[in-house]
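Structure, as structure tokens:
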Number of protein chains: 2
Amino acid sequence: MTTDDEVSDASRGPADLVRRRGGGRKSSGRQRSSHSLDAVVSEAVALLDEGGEAALTFRALAARLGGGVGSIYWYVSSKDELLERAADHVLGGVLTATAHLGQGEDPIAEVRELAIAFYAATVNRPWLGAYFLQDTGTQVNGLMFFDRVGRELMRLDLTPRQRLDAVSAVMAYVVGVAADRGQDPPPEVRDGRVPVDEFVSEFRASIRAMDSRAFPFLHHIADEFAAHDDAEQFRAGLDLLLAGLRLQSGR
Amino acid sequence: MTTDDEVSDASRGPADLVRRRGGGRKSSGRQRSSHSLDAVVSEAVALLDEGGEAALTFRALAARLGGGVGSIYWYVSSKDELLERAADHVLGGVLTATAHLGQGEDPIAEVRELAIAFYAATVNRPWLGAYFLQDTGTQVNGLMFFDRVGRELMRLDLTPRQRLDAVSAVMAYVVGVAADRGQDPPPEVRDGRVPVDEFVSEFRASIRAMDSRAFPFLHHIADEFAAHDDAEQFRAGLDLLLAGLRLQSGR
DNA sequence: CTAGCGTATAGAACAACGTTCGATGAACGA
DNA sequence: TCGTTCATCGAACGTTGTTCTATACGCTAG
């Protein structure tokens, strides 16, 4: 699927030599096996979503697939590659979710939608940022997303350099918010065992307990912090970035 | 727990119960030991700088300190905490490096300098983003830096919410660029065994090899990508963000 | 003086992890 | 029937983070 390679060597062992920055094609053609690369990656994402990065182990994944640990290495040559493929897998979801975009009048508004869709996929997936677009050979969806954002900017009056910088900035911002949030709320809040209010008000109290001379700004925004919504805050920052871009492009 | 301590227990073992989001004081008072928390964290940062995140192991760190593995656990209760403290350690360096700032007329220009100094510290330290400001209890320098940036924005005509969103956006952007770059150039280029030109032109060639209908934007910026400088690109994106902020504040 | 306590160090031991390796079939053309 | 390729499996290895116990040293109380 996707674009896929030319022809010929269609069914070589997926995990061969020529690792990073080279070939690395999918297992195009018939799928005789009970696993298939897609199944391995999908289940890996499922494990990551359920228990975070620590939950993804080769043994847990093998048990989930009903196979042995060694089998996974036929499809993937290392855990790093597995994570890269997992990251690209969820980015594939972002691509299909935003397939309807691209016809709008305002390119920047389109970029905004793309970024928001990307953000939605990174929420609760802090590992995504670390493995996003590391290997351009295997991570085709990441490249496609990068290109889609850039294509919108080609409709704007900018230099190629400005376009490249802008796309990189938007990507970095999304990834950064994901990494920043990370494990922000402690696990007991994550699971819902402790109401969010309690954690937030406790945090506000701990801010108030600090020296207001040393941390004037923290005191200043303590209430806002307690009331803020993550997605809203993401959009606020994104809009700052896009406002600067709009200014640069002269509308 | 959580809220922690009242008074008294001033000189308990640094790595005690009450871990995340609570107290966690430094080894206040005399330093009798040959190690001390600062030595442990400093050496950890040195290991990270030399060989990346994989190079930091408790055994390597112990050997470096001339002690046993178990001793480290007296100062630090887990590897996560060690990495958080390491991140906060380099942020302490950023704080002292930017101590001269704060008297300028233009607050946004000051924010720009702060962000650039932060960025300089994250270059070749992709692990920093993942452990930056995870535990507000132990990571005091991160809080201080956050506060310093926010204090500049207090001189601008903005709502508290806008200020909070802006500071968060700037931080996220810096962290995002660090995470994005990550291991971007493969190790053989990192070490200088392969000249950068070769890698870059190879990358450009691989872009040209792709279908230009499927990736029009990648073709469009292939040359720019080959010639771009990371720090310059970082500043370009930062300036977009700050331009939006300047617009919002009405100069 | 000594018994006891908090401080601090050291390393053996354990469980879990990623990865390697050779053995083992199943499918298929010659 | 044989040999080759595809695909699977799990034992085994080395390394990792962490726990646990033993062992000192400096102090103060009795």
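Proteins get letters first, then strands, A, B, ... in listed order; numbering begins at 1 in each.
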[X] [atom1] - [N] [atom2] separation (whole Å):
X	N	atom1	atom2	value
A:E81	C:dG18	CD	P	15 Å
A:W74	D:dT5	CH2	P	13 Å
B:I72	C:dT9	CD1	C1'	11 Å
B:L37	C:dT9	CG	P	12 Å

Practice task
For each nucleotide in nucleotides 14-20 of chain D, reading 5' to 3', give B when a protein heavy atom comes within less than 4.0 Å of its base, S when such contact involves only the sugar-phosphate, and - otherwise.
Solution key: --BBBB-
Exercise for the section: Could you pull out all residues at least two apart from A:T98 that satisfy side-chain hydrogen bond (donor to acceptor under 3.5 Å, both in side chains)? Expected result: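 A:R148.
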Exercise for the section: Go through the structure and list residues passing side-chain hydrogen bond (donor to acceptor under 3.5 Å, both in side chains) with A:Y131, not counting sequence neighbours. Expected result: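 side-chain hydrogen bond (donor to acceptor under 3.5 Å, both in side chains) check on A:Y131 returns A:E53.
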Problem - Inter- and intrachain pairs under ring-ring contact (aromatic ring centres under 6.0 Å, His included), touching residues 37-60 of chain A, at least two apart - result: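 Only A:F58-A:Y73 qualify under ring-ring contact (aromatic ring centres under 6.0 Å, His included).
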Practice task
Return the residues of residues 40-47 of chain A meeting this criterion: a heavy atom under 4.0 Å from some atom of DNA chain D. Order them by number, or give none.
Solution key: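 DNA chain D contact set from residues 40-47 of chain A: none.
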Exercise for the section: Could you tell me which residues satisfy ring pair (Phe, Tyr, Trp, His ring centres under 6.0 Å) with A:F145, sequence neighbours excluded, listed by chain and number? Expected result: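 Testing A:F145 for ring pair (Phe, Tyr, Trp, His ring centres under 6.0 Å), a comparison that skips the adjacent residues, returns A:F118.
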Exercise for the section: List the steps, then state whether side-chain contact (heavy atoms from CB on, under 4.5 Å) holds for A:V90 with A:R125. Expected result: CA-CA 10 Å; A:V90 337; A:R125 292 203 188 101; 4.1 Å; yes
Problem - Qualifying residues under salt bridge (Lys or Arg N to Asp or Glu O under 4.0 Å), relative to B:R204, sequence neighbours excluded - result: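 B:R204 satisfies salt bridge (Lys or Arg N to Asp or Glu O under 4.0 Å) with B:D223 once adjacent residues are dropped.
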Problem - A:D211: salt bridge (Lys or Arg N to Asp or Glu O under 4.0 Å) partners, not counting sequence neighbours - result: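 Once residues adjacent in sequence are excluded, the partners of A:D211 under the salt bridge (Lys or Arg N to Asp or Glu O under 4.0 Å) criterion are A:R213.
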Could you pull out all residues at least two apart from [X] that satisfy side chain to side chain contact (heavy atoms under 4.5 Å, CB included)?
X	value
B:N141	B:D88, B:L91, B:L95
A:A130	none
B:A231	B:Y119, B:D229, B:R235

Problem - Angle between terminal axes - the helix from C:dC1-D:dG30 to C:dA30-D:dT1, 5 pairs each end, rounded to 10° - result: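 Roughly 20° between the end axes, to the nearest 10°.
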Problem - side-chain contact (heavy atoms from CB on, under 4.5 Å), paired with A:E84, selected from A:Q139, A:H89, A:K79 - result: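 Testing A:E84 for a side-chain contact (heavy atoms from CB on, under 4.5 Å) against A:Q139, A:H89, A:K79 leaves exactly one candidate, A:Q139.
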Handout entry: D:dA7 OP1/OP2 closer than 4.0 Å to side-chain N/O of A:S71
Key =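 No, outside the criterion.
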